[in-house]
Asks: 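Please find one structure pasted underneath; my questions will follow.
Lettering of chains follows the sequences in order, A, B, ..., and the numbering in each one begins at 1.
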There are 2 protein chains.
Amino acid sequence: MEQIELDDRKKKILIAIIQNYQETGEPVGSRTISKMTELNYSPATIRNEMADLEELGLIVQPHTSAGRIPTDKGYRYYVDQMMEKTQNLPAAASSQEVLIKRVDRVEELLLQMAQVLAASTNYATMVTGPHLKKNKLKFLQISAMGDGRMLAVVVLEGNVVRNNIIEIDETLDQETVSSLNMLLNTHLSGLSIEEINLAVISRMKEEAGQHAATVSRVIDAVAETFARENDFSVYTSGATNIFKYPELTGGDRASELISTLEEKKSLGNALVQYEGESRKNIQIFIGDEVPVDSMKDCSVVTATYELGDGVQGKLGVIGPKRMDYRKVVETLKDTMTQLDHIFKKPEE
Amino acid sequence: MEQIELDDRKKKILIAIIQNYQETGEPVGSRTISKMTELNYSPATIRNEMADLEELGLIVQPHTSAGRIPTDKGYRYYVDQMMEKTQNLPAAASSQEVLIKRVDRVEELLLQMAQVLAASTNYATMVTGPHLKKNKLKFLQISAMGDGRMLAVVVLEGNVVRNNIIEIDETLDQETVSSLNMLLNTHLSGLSIEEINLAVISRMKEEAGQHAATVSRVIDAVAETFARENDFSVYTSGATNIFKYPELTGGDRASELISTLEEKKSLGNALVQYEGESRKNIQIFIGDEVPVDSMKDCSVVTATYELGDGVQGKLGVIGPKRMDYRKVVETLKDTMTQLDHIFKKPEE
DNA sequence: TGTTAGCACTCGTTTGTCTGGAGTGCTAAC
DNA sequence: GTTAGCACTCCAGACAAACGAGTGCTAACA
């Protein structure tokens with residue numbers, strides 16, 4: 001993309017347009033800007049500048065004789081070049097935020113994160129569950145349930161607990177169950193799901209002797225649980241916030257958006273795909289850049305969270321293109337800090 | 001409520017109005033009804049009858065010179081008096097239904113039920129998790145996680161599995177954990193959550209001796225898990241189906257409805273409240289009868305499901321007042337039958 | 001040279017008026 | 001008891017006029 005350089009006044013005008021449009025949702029005209037403090041120019045002057053900005057593709061008129069609204073490119077420019085420099089948000093503004101409470105169940109925590117974010121941003125939010133495959137196995141326990149079934153409980157680092165019911169052919173006495181538990185834990189704990197390969201498995205089967213089949217079942221069940229996991233673990237909140245932004249609810253758009261949020265799966269997939277590029281941690285998708293079709297009229301801001309121990313996942317805020325990017329980014333950063341406090345401090 | 005008796009022709013007209021309005025969503029006039037087969041009367045005759053039906057409060061005109069639409073009372077009459085008798089739905093109509101697959105995780109099954117119901121009815125659906133309190137404990141297992149914490153896993157009849165992480169003060173060796181497990185299972189298995197009373201607890205504490213505190217922690221944790229449970233376990237699907245019915249989406253109604261569905265809690269509470277009256281199994285709430293404020297413009301049909309072993313919960317379909325009550329009731333019954341097949345057959 | 005006032009022009013939004021159609025209730029005839 | 005006819009009501013859509021917000025351009029000004 002070619003580098004655009006704007007003089008100071010143009011920058012101020014662009015910012016003014018973006019901020020004003022963000023608040024009102026209406027195209028903003030030269031008069032409005034002229035009346036703002038800081039910019040003591042007549043409407044005519046502003047108009048000349050706006051014509052230039054329009055030529056650069058940063059703003060457009062929805063129709064002749066309407067005010068201007070920012071284009072995707074305009075927002076992109078704002079986000080990339082200008083957002084960080086204008087620090088007019090006092091730090092105190094974030095003090096009214098809702099705090100995340102520490103809870104033991106990861107699922108509950110993630111849902112809570114989605115809710116808190118939705119409440120403090122007024123946009124829709126989503127949180128993907130952690131990527132369990134990279135996460136180490138802490139502890140595994142099987143126990144007989146009595147009716148030809150066994151219960152396998154797996155605990156990963158970060159206290160992610162999963163259980164699975166397994167049907168087995170043989171009946172095991174208490175003694176055997178104990179020794180199988182011992183065997184399983186000796187070989188598996190400390191490994192990530194990815195690291196449980198054929199070599200490990202065949203070694204275990206050897207040691208298990210006549211119970212090799214059962215061991216094999218257990219491993220399969222564990223693998224299946226975590227494979228299935230990815231489909232299920234997306235949490236969303238604040239879906240109805242989109243009704244506050246008329247540009248998102250015209251026609252059938254509201255319905256499509258909400259059903260995308262309800263289905264969750266496609267969301268998670270799209271987000272996870274962009275994993276590799278997250279070196280900057282916070283990523284902003286504007287309009288067409290959003291990798292979900294039904295959200296091409298939205299902007300999405302994502303961040304990667306970490307619950308200690310390398311358990312990480314994605315967290316996203318979905319709003320209109322005129323969302324308050326600065327506030328969203330601040331809030332996300334703030335949330336990360338809170339998570340760090342909650343998870344790092346008591347454990348280190 | 002006074003008993004209303006209608007002659008045959010009035011009944012036919014009322015049914016015609018209800019069915020027509022259900023399909024079109026538009027007030028239906030005398031001409032339309034006159035043109036239907038079966039009723040070979042002129043519009044004028046129909047008009048006279050309609051005037052009578054209006055006097056009885058079964059139908060209304062939204063405004064002068066508009067057709068008639070059914071009132072809540074009209075629907076109620078239809079549902080109570082006439083629905084069962086008119087069996088014009090061929091049984092084959094239900095053959096196209098999506099089937100429920102058997103899955104082990106109860107949560108997954110419930111979500112699936114909500115989705116299947118939404119897909120086959122075109123309305124919004126909700127499913128409350130089973131009422132665990134009445135459900136018997138099958139199996140309980142604690143195990144040391146190593147860092148001063150224990151993992152408690154509880155299995156109820158019907159294979160509902162819950163886990164909870166507990167912080168404890170003492171460090172327990174493998175031996176002790178085993179004997180505590182033995183103790184816990186001996187005393188608790190076979191009891192429902194409600195039946196775990198002080199007497200049982202104090203007897204266990206006695207036997208546990210120096211580990212009484214830990215036993216107490218475990219019990220507390222189990223109790224807390226199931227208390228918290230009720231808030232979380234409501235599954236919904238097909239929320240966006242409401243956009244198909246303009247009478248539900250005017251103004252802010254759509255937003256309110258969707259957010260009620262998103263919050264889930266209030267839904268569950270409202271439904272569970274009507275527990276006691278479910279002798280007939282299927283219950284129909286029309287308009288104002290719905291115990292949720294934001295759904296006063298809807299109708300809700302609920303049923304009580306049972307997953308073998310007495311594990312039961314509620315299941316609801318939410319749609320416009322002009323919903324196809326017959327089809328919804330049939331679909332619900334069908335779903336129940338499917339559940340019975342899945343859960344009764346392989347176990348008995 | 002940059003800024004501003006003035007002005008004609010455009011176009012979307014709102015308001016009011018009108019008309020056609022759908023539907024009704026009533027009356028009188030069958 | 002049923003139906004044809006008719007006057008009446010009221011909504012929905014079309015159309016025009018008035019309005020207002022905003023623009024681009026030109027000319028004057030510092």
Asks: Test side chain to side chain contact (heavy atoms under 4.5 Å, CB included) on A:I282 and A:V301 and set out the steps.
Replies: CA-CA 7 Å; A:I282 289 191; A:V301 183; 4.0 Å; yes
Asks: Please determine which of B:Y75, B:Y123, B:Y325 meets the side-chain hydrogen bond (donor to acceptor under 3.5 Å, both in side chains) test together with B:S299.
Replies: B:Y325
Asks: OH of A:Y41 versus P of C:dT4: gap in Å, rounded?
Replies: 8 Å
Asks: Please name the residue in the list B:R76, B:K296, B:K73 that meets the salt bridge (charged side-chain N to carboxylate O under 4.0 Å, His left out) test with B:E289.
Replies: B:R76
Asks: Hey, which sits more toward the 5' end of DNA chain D by its nearest nucleotide, B:P43 or A:A51?
Replies: B:P43
Asks: In this structure, how many angstroms lie between the P atom of C:dG2 and the CD1 atom of A:I46, rounded?
Replies: 16 Å
Asks: Suppose we define a pair by two distances each less than 3.5 Å, Watson-Crick or G-U wobble; what does C:dT27 pair with here?
Replies: D:dA4
Asks: Applying the Watson-Crick and G-U wobble criteria at under 3.5 Å, what pairs with D:dT9? Answer none if nothing qualifies.
Replies: C:dA22
Asks: Quick check for you: name the first and last nucleotides of DNA chain D, 5' to 3', having an atom under 4.0 Å from a heavy atom of chain A.
Replies: D:dA21 to D:dC25
Asks: Before you tell me yes or no, could you show the steps for B:T236 and B:K264 under side-chain hydrogen bond (donor to acceptor under 3.5 Å, both in side chains), namely the whole-Å CA-CA distance, both residues' side-chain angles and the distance that decides it to 0.1 Å?
Replies: CA-CA 8 Å; B:T236 59; B:K264 296 167 198 274; 3.1 Å; yes
Asks: Are B:Y41 and B:S34 close enough, and set up right, to give a side-chain hydrogen bond (donor to acceptor under 3.5 Å, both in side chains), and what steps lead you there?
Replies: CA-CA 6 Å; B:Y41 293 101; B:S34 164; over 6 Å; no
Asks: Round to the nearest Å and state the distance from A:E26 atom CD to C:dT13 atom C1'.
Replies: 11 Å
Asks: State whether A:T64 places a side-chain N or O below 4.0 Å from either non-bridging phosphate oxygen (OP1 or OP2) of C:dC11.
Replies: yes
Asks: Between A:K10 and A:D7, is there a side-chain N and carboxylate O pair less than 4.0 Å apart?
Replies: yes
Asks: Output the rounded distance in Å from CZ (A:R9) to P (C:dG2).
Replies: 9 Å
Asks: Given that A:N48 and B:S65 both sit by DNA chain D, which one's nearest nucleotide is further toward the 5' end?
Replies: B:S65
Asks: Which whole-number value in Å describes the distance from B:N20 CG to C:dG23 C1'?
Replies: 14 Å
